[in-house]
Visitor: 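There's a structure below that I have some questions on.
So that the names make sense, note that chain A is the first sequence line, chain B the second, and so on, each numbered from 1.
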Protein chains: 2
Amino acid sequence: MNHTELLKGTLGTIILRLLEEKGRMYGYEITQLVKEASGETILIKEGSLYPALHKLEADGLIVSEEVFIGKRVRKYYSLTKPGKKATRASVDELLAFMQTIHNLITSELNPSHGAA
Amino acid sequence: MNHTELLKGTLGTIILRLLEEKGRMYGYEITQLVKEASGETILIKEGSLYPALHKLEADGLIVSEEVFIGKRVRKYYSLTKPGKKATRASVDELLAFMQTIHNLITSELNPSHGAA
DNA sequence: AATTTATACATAGCTTTGCGATGTATTGTT
DNA sequence: AACAATACATCGCAAAGCTATGTATAAATT
């Protein structure tokens, strides 16, 4: 079971939401938290995560801050002001979309005003 | 507001589910029903729908049947036996995934056994 | 009657986005 | 010493929906 395609379009929102919740996080920490919180079902890969973080930063929604743990560097990310606003919009849109899909695939569609 | 990316990975499932519900449908009818049932928020484009239908047919999950309405042709699609099975799996997977995402972006994540 | 809109199919090429593979380096475990 | 985990990064691939375009019939509007 590989929901790799389902994740498309949701990764940015997930990252923003986690930063909203936690204040600041670094990349590796995000992958571990998502893995943990999803019961090992959503495994964000480095090849997905880092480009996504860089894009969010380039868009001005998050900022990074390098912190050295011994000789190893960590890049902590946090939301900018525009990022906080974008997070709300993004989360709301995703929830609305998922609600719509849920209705679509679970309810019996009313044929009275359908096409055809 | 463009959930074009969010739709990725869900279109096939939506089509299968609608066919399960309605028995048989033709392409244009699917676009109209989805548009209708989603309150005009999900607008499936021809460039998305027809390739998706062709792929489902190539995979043996649906079969088509041409019907002439006057001089105009309609291609009605319906589920095959494997398609019916796939529909259940596909719908269940999508629902589970959305539930997971919902938890991720709404609940407060417990930091007690998080990463870091 | 002519024009526009809706119905109904289809495909080529673009863009986005997550992934696999690969690379570098430090730290912890066996 | 060897291996796994931590922690960053990028390149090229593949999947999938979209735009634009094309063809054709039917209905609605002017």
Visitor: Is it true that the side chains of B:Ser64 and B:Glu57 contain a donor and an acceptor less than 3.5 Å apart?
Guide: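 Note: B:Ser64 and B:Glu57 side chains meet the donor-acceptor criterion.
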
Visitor: Closest approach to the side chain of A:Lys55, judged atom by atom: which nucleotide of D:dC8, D:dT6, C:dT17 is it?
Guide: C:dT17

Visitor: Let me spell it out: for each of B:Gly47 and A:Ile69, pick the nucleotide of DNA chain D with the closest heavy atom. Which residue's pick is nearer the 5' end?
Guide: A:Ile69

Visitor: With side chain to side chain contact (heavy atoms under 4.5 Å, CB included) as the criterion, how do B:Tyr77 and B:Ile15 come out once you've worked through the C-alpha distance, each side chain's angles and the decisive distance to 0.1 Å?
Guide: CA-CA 10 Å; B:Tyr77 291 92; B:Ile15 293 171; over 6 Å; no

Visitor: Can a side chain N or O of B:His54 be found less than 4.0 Å away from OP1 or OP2 on C:dC9?
Guide: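 Checking B:His54 against C:dC9: no side-chain N or O falls below 4.0 Å of OP1 or OP2.
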
Visitor: Between the base of D:dT25 and the side chain of B:Lys71, is there a donor-acceptor distance below 3.5 Å?
Guide: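 Not at all, since no donor on one side and acceptor on the other fall under 3.5 Å apart.
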
Visitor: Using 4.0 Å as the upper bound for N to carboxylate O, is an ion pair formed by A:Glu29 and A:Lys22?
Guide: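 Looking at A:Glu29 together with A:Lys22, the answer is no, because their closest N to O distance does not fall below 4.0 Å.
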
Visitor: With respect to the side chain of A:Lys45, which nucleotide from C:dT11, D:dA7, C:dC19 is positioned closest?
Guide: C:dC19

Visitor: From D:dA26, D:dA9, C:dC9, pick the nucleotide closest to the side chain of B:Arg72?
Guide: D:dA26

Visitor: Looking for any heavy atom pair under 4.0 Å, which part of the strands does A:Gly70 touch: base, sugar-phosphate only, or nothing?
Guide: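 If one applies the 4.0 Å heavy-atom cut-off, A:Gly70 turns out to touch the sugar-phosphate alone, with no base involved.
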
Visitor: Treating B:Thr87 as the side-chain partner and B:Arg17 as the backbone partner, does any N or O pair qualify as donor plus acceptor under 3.5 Å?
Guide: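 Judged by distance alone, no pair lies under 3.5 Å.
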
Visitor: Between C:dC9, D:dT10, D:dA16, which nucleotide has the shortest distance from any of its atoms to the side chain of B:Lys8?
Guide: D:dA16

Visitor: Using OP1 and OP2 only, check whether a side-chain N or O of A:Tyr50 sits under 4.0 Å from D:dA9.
Guide: no

Visitor: With a 4.0 Å cut-off on heavy atoms, is B:Leu11 in touch with a base, just the backbone sugar-phosphate, or nothing at all?
Guide: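 Answer is sugar-phosphate: B:Leu11 comes under 4.0 Å of backbone atoms only.
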
Visitor: Checking contacts here: which listed nucleotide (C:dG18, D:dA9, D:dA5) is nearest the side-chain heavy atoms of A:Lys75?
Guide: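 Among C:dG18, D:dA9, D:dA5, the one nearest the side chain of A:Lys75 is D:dA9.
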
Visitor: Is any side-chain N or O of B:Tyr26 closer than 4.0 Å to OP1 or OP2 of C:dA8?
Guide: yes

Visitor: Determine: side-chain N/O of A:Ser48 to OP1/OP2 of C:dT17, distance under 4.0 Å, yes or no.
Guide: no

Visitor: Is B:Gly27 touching bases, backbone alone, or none of the nucleic acid, heavy atoms closer than 4.0 Å?
Guide: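 Touches sugar-phosphate only.
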
Visitor: Please determine whether side chain to side chain contact (heavy atoms under 4.5 Å, CB included) holds for the pair B:Leu16 and B:Leu18, giving the CA-CA distance in whole Å, both sets of side-chain angles, and the decisive distance to 0.1 Å.
Guide: CA-CA 6 Å; B:Leu16 291 176; B:Leu18 294 185; over 6 Å; no

Visitor: Kindly point out which of D:dA9, D:dA7, C:dA6 is positioned nearest to the side chain of A:Tyr77?
Guide: D:dA9

